[in-house]
Amino acid sequence: MRTNICLFLFAILSSAFACKNSGPKQDEEQKPTLSIETADFGQTQEGPAKLYTLKNENGMEVVITNYGGIITRLLAPDKDGEFTDVVLGFDNLEDYQKDHPYFGAIIGRYGNRIAKGKFTIDGQEYTLAANNGPNALHGGPTGFHKRLWEAKETEREGYVGLELSRVSEDMEEGYPGNLSATVRYLLNNDNELLIEYEATADEPTIVNLTNHTYFNLKGAGKEDILGHILMVDADYFTPVDSTLIPTGELRPVEGTPFDFNTPTPIGERINAEDEQLTFGLGYDHNFVLDREGPGLELAATVREPTTGRFLEVLTTEPGLQFYSGNFLDGTNIGKYAVQYDYRSGFCLETQHYPDSPNQPDFPSTVLRPGETYASRTVYRFSVKP
Ligand code: GLA
């Protein structure tokens with residue numbers, strides 16, 4: 001009798017299983033699990049800007065404009081399945097066209113600082129605009145964050161994607177050579193946002209592309225980010241001078257407020273007496289990532305304990321700029337009329353080290369004709385209560 005019941009149960013279970021695997025139901029078939037929608041965002045000097053919304057089957061959304069390649073909105077779930085926008089930014093194009101601290105933007109041609117805006121390739125010296133004290137920062141006043149990119153949907157198994165491309169002409173913002181750049185934003189059903197950067201040039205030049213999204217896993221700009229718990233897989237960082245240019249030293253993080261190998265709240269040591277924290281007004285430093293090979297490797301994680309949101313950052317890059325939003329001072333009013341106060345967002349910018357063109361011992365950022373610059377970063381969202 002017992003055997004019969006078991007056989008009966010087995011038959012029911014296996015038929016249910018077979019049914020589940022015989023293909024998606026009618027209504028599931030009609031509803032794509034990954035989608036992209038387009039909307040108008042307004043006019044720029046270079047043409048109309050659009051907003052592209054990438055969605056996955058879990059309800060995660062990433063909205064990108066082809067003006068500056070800016071991520072304007074990113075919905076991620078918390079421990080109760082509640083979706084909130086976790087990136088800082090504006091709700092209109094005009095505010096992005098004004099001066100702002102690079103909210104969500106693609107940064108190029110050179111992310112981070114170049115000392116005195118000068119560098120030399122093959123004996124030829126080039127001069128960039130000094131737009132950050134004596135130094136050049138983030139590709140110049142009209143860098144990649146202020147340009148309109150050509151946009152098209154891109155196909156990839158398991159992803160929905162947007163491909164942005166533009167040609168940065170010879171001597172644009174002072175950089176030599178015509179540079180053809182492509183950036184792809186790809187979203188999958190594992191709540192991973194993959195960003196791929198590629199570039200080629202027709203003359204020797206330098207390139208260091210990144211994305212400057214400010215995250216606040218409590219919700220965009222809501223309170224400060226000091227309670228977020230950060231891990232950075234780095235045994236060394238690149239200390240800076242008072243203008244935030246690396247000295248060239250790779251300094252061990254051990255025993256300093258820069259040791260995030262064990263997950264630690266951002267605010268725990270941010271006000272410690274430390275010359276580097278004084279120079280940065282907090283954290284605004286490049287970490288030398290522990291790497292094993294050239295592929296995507298985990299660089300950092302951030303957990304927000306009250307919402308349980310968990311962010312993992314993987315990259316192929318050798319460095320990570322951790323910036324704790326020290327220059328946010330309440331002057332930017334963002335989406336949902338939220339005022340962006342001191343340290344209300346943080347950036348994890350995957351990159352080559354700052355001022356590499358003037359630091360022969362840092363990994364090179366020179367790109368020569370015939371070579372392809374290629375870099376990948378993943379921002380993966382999950383919950384870890
Ligand atoms: C970068 C820099 C910071 C600051 C911000 C923008 O992350 O390292 O010093 O300039 O951009 O405000």
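Counting starts at 1 for both ligands and their atoms, following the listed order.
Evaluation of the side-chain hydrogen bond (donor to acceptor under 3.5 Å, both in side chains) test over residues 167-183, restricted to residues two or more places apart or in two chains, returns Arg109-Ser168, Arg166-Glu172, Ser168-Glu172, Asn178-Asp202. The stretch residues 306-320 participates, sequence neighbours left out, in these side-chain hydrogen bond (donor to acceptor under 3.5 Å, both in side chains) pairs: Thr84-Arg309, Glu304-Thr306, Glu304-Thr307, Glu312-Arg380, Thr315-Thr377, Glu317-His352, Glu317-Ser375.
Interface atoms of ligand 1 facing Gln321, defined by a heavy-atom separation under 4.0 Å, are 8 (O). With ligand atoms numbered from 1 in the order given, ligand 1 contributes 6 (C) to contacts under 4.0 Å with heavy atoms of Tyr102. Taking a cut-off of under 4.0 Å to the non-hydrogen atoms of Pro101, the atoms of ligand 1 that pass are 12 (O).
When hydrogens are left out, the protein atom nearest atom 11 (O) of ligand 1 is His212 NE2, 2.8 Å; that is the closest non-hydrogen contact. Ranking protein heavy atoms by distance to atom 8 (O) of ligand 1, first place goes to Asp284 OD1, 2.7 Å. Atom 7 (O) of ligand 1 has Glu349 OE2, 2.8 Å as its closest protein atom, hydrogens excluded (heavy atom only). Scanning all protein heavy atoms for the shortest distance to atom 1 (C) of ligand 1 gives His138 NE2, 3.1 Å.
The proximity of Leu137 to ligand 1, defined as any non-hydrogen pair under 4.0 Å, is limited to the side chain. Under 4.0 angstrom from ligand 1, the non-hydrogen atoms of Tyr214 all belong to its side chain.
Between Tyr52 and Tyr185, the ring centre distance reaches or exceeds 6.0 Å. Between His212 and Tyr214, the gap from one ring centroid to the other is short of 6.0 Å. Aromatic rings of Phe103 and Tyr340 (six-membered ring for Trp) have centroids within the 6.0 Å cut-off, being under it. Ring-centre distance between Phe310 and Phe381: not below the 6.0 Å cut-off.
A cation-pi arrangement is found for Arg269 relative to Phe260, the charged atom lying closer than 6.0 Å to the ring centre and inside a 45° cone about the ring normal.
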